[in-house]
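Before any comments, here is the structure.
Count residues from 1 along the sequence. Ligands are counted one by one from 1 in listed order, and the atoms in each one are counted from 1 as well.
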Amino acid sequence: MSVEKKDMEKIVALCRRRGFIFGSSEIYGGIGGFWDYGPLGVELKRNIKDAWWEDMVRNPPIGPDGKEFQMVGVDCSIIMNPKVWEASGHVGGFSDPMVDCKTDGCKGRFREDQLCESPCPLKPSKMAGDFEKCALTEAREFNLMFQTHVGALQDNSSVAYLRPETAQGIFANFKNVMDSTRVRIPFGIAQIGKAFRNEINPRNFTFRSREFEQMEIEFFCHPDESKMWYEFWREVRIKWYESLGIRSDKLRPREQGEEELAHYSDACTDIEYLFPFSEETQELEGVAHRGSFDLNAHGKASKGKETAFAVVDPATNERFVPHVIEPSAGVDRFTLAAITEAYSFDENRASPEFMKFHPRLAPIKAAVFPLVGKDGMPDIAEPIYRDIKKRIPCQYDTKQSIGKRYARMDEAGTPFCFTIDGQTKEDGTVTVRNRDDASQDRIDKSRCLEFLQDQLGL
Ligand code: ATP
């Protein structure tokens, strides 16, 4: 069953009802482009970040040359010296073309390149510019960086920016990392963290937010090998999404055309996903070949020399500025993709809506229920729950009917539930209920943890 456009509303409602995602500061009417993750959402997002860190940083894939390579992590500050953003080109050029509508009662602001996807605030059935009353201005450049001031003085000398990407913290620390570790080219530096962009039109739930998280790798390699590493990372990143349950027919690697490429970029592939809110696939991650642009720019701006961050190949004594391949993924976009991919509806089930999360991503992996809160059932159930909980996120629930408890776990995407019932007392077996087909089986009560580890591959 494929998820349709109309399902987006159901997905947003489920996210809110079950505590995946809430609007930020909702009690005051919210604030456009900012979101809060609730108890289930925060676990899902953490599982995504943990999976990325585990698979890319702690245990990265083998390189295209059949050899292991090194990958290390950093966690840089959000506010950096503003010179970073001058050197990177963000102060001068990190902008989108914005148009205003001058019509009374509208005052809408839109990205010029996204007019055909932006409904007119006065007549939402038409797109901005298509309604006869629309009076759009010429486009002007709008810088997306949020500004703030550092220190007590609020003048031009104290202006600073909230980082619009995590990448620059990595470039600014390139030398620190090389000097403080034994990494040698080719190697990667990874970071997960918040980024901020004052998007003109935040929309499509969390897809385009003003505060979001990124998972970025800057991979440094010899210029002659950069094409090989670019192709390698593109492949690795697509397979990673597939390994976490994203169906390949919904993923599309889209190579950017010459006219789309940033001026410093040699090549870029957007890994796109077919979200239910659009007929077109939308970017989940960009894998960019950035050449030596960033290291050159920071070398020149901070040390006066483009080649300040050159490295020496110990085998050949060749001195070169490494090239960079950047797989840059959005945590929130993948969280939304994982939610839409998991969303399932089957009207023949007692609980029609259920979330088929990949076992690694499921916020809760198992639940334990005593069928009733008496007859010694809780005494059997509690130790089983405690045993599982030490290793695997598990919940214990005694409230409401067993059907309602299964339904709640289905909506949370919990793969297995164990129920302790009358038969448990007779033969020591418990009911195992499978989320995906609602089937039930019996296993010995001593095997619950082992069963989970086996079935979930954890
Ligand atoms: P878009 O074209 O959608 O604005 P981008 O090409 O500007 O995205 P990048 O600068 O390549 O995005 O950022 C890398 C990743 O960060 C994106 O692939 C996306 O997953 C995430 N990202 C970027 N902007 C946002 C945003 N406003 N909200 C949520 N995630 C974002």
What about [X]: any of its N or O atoms under 3.5 Å from an N or O on ligand 1?
{"X": "Phe212", "result": "no"}
{"X": "Asp332", "result": "no"}
{"X": "Ala329", "result": "no"}
{"X": "Glu216", "result": "no"}

Ligand 1 atoms in contact with [X] (distance to a heavy atom under 4.0 Å):
{"X": "Ser328", "answer": "13 (O), 14 (C), 15 (C), 18 (O)"}
{"X": "Leu284", "answer": "18 (O), 19 (C), 20 (O)"}
{"X": "Gly330", "answer": "20 (O), 21 (C)"}
{"X": "Gly286", "answer": "18 (O)"}

Look at the aromatic rings of His289 and His323 and report parallel, tilted or perpendicular, splitting at 30° and 60°.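 His289 vs His323 ring planes: perpendicular.
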For the residue pair Phe277 and Phe275, does the interplanar ring angle fall in the parallel (under 30°), tilted (30 to 60°) or perpendicular (over 60°) class?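 Ring orientation, 0 to 90° scale: parallel.
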Considering non-hydrogen atoms of the protein only, which is the closest contact for [atom], and what is the distance?
{"atom": "atom 4 (O) of ligand 1", "answer": "Arg208 NH1, 2.8 Å"}
{"atom": "atom 28 (N) of ligand 1", "answer": "Ser209 N, 3.0 Å"}
{"atom": "atom 29 (C) of ligand 1", "answer": "Phe207 O, 3.1 Å"}
{"atom": "atom 11 (O) of ligand 1", "answer": "Glu283 OE2, 3.4 Å"}
{"atom": "atom 13 (O) of ligand 1", "answer": "Gln214 NE2, 3.4 Å"}
{"atom": "atom 19 (C) of ligand 1", "answer": "Arg333 NH1, 3.5 Å"}

How does [X] reach ligand 1, if at all, at less than 4.0 Å between non-hydrogen atoms: by side chain, backbone, both, or neither?
{"X": "Glu285", "result": "backbone"}
{"X": "Phe334", "result": "neither"}
{"X": "Asp270", "result": "neither"}
{"X": "Arg197", "result": "side chain"}

Are Arg203 and Phe207 in a cation-pi contact, defined as NZ or CZ under 6.0 Å from the six-membered ring centre and within 45° of the axis?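 No, Arg203 does not lie over the aromatic ring of Phe207.
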Is it possible for you to check whether Arg435 lies under 6.0 Å from the centre of the six-membered ring of Phe416, through NZ or CZ, and within 45° of that ring's axis?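 Arg435 over Phe416 ring: no.
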Hey, are [Y] and [X] close enough side-chain-wise for a donor-acceptor pair under 3.5 Å?
{"X": "Tyr37", "Y": "Thr335", "result": "no"}
{"X": "Ser88", "Y": "Gln168", "result": "no"}
{"X": "Ser265", "Y": "Arg290", "result": "no"}
{"X": "Glu283", "Y": "Tyr273", "result": "no"}
{"X": "Gln282", "Y": "Ser278", "result": "yes"}

So, applying side-chain hydrogen bond (donor to acceptor under 3.5 Å, both in side chains) with Glu213, which one of Arg333, Lys45, Lys194 is it?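 With Glu213 as partner, side-chain hydrogen bond (donor to acceptor under 3.5 Å, both in side chains) holds for just one option, Lys45.
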Go through the steps for Asp332 and Thr206 under the test side-chain hydrogen bond (donor to acceptor under 3.5 Å, both in side chains), then give the verdict. CA-CA 7 Å; Asp332 308 81; Thr206 55; 5.9 Å; no
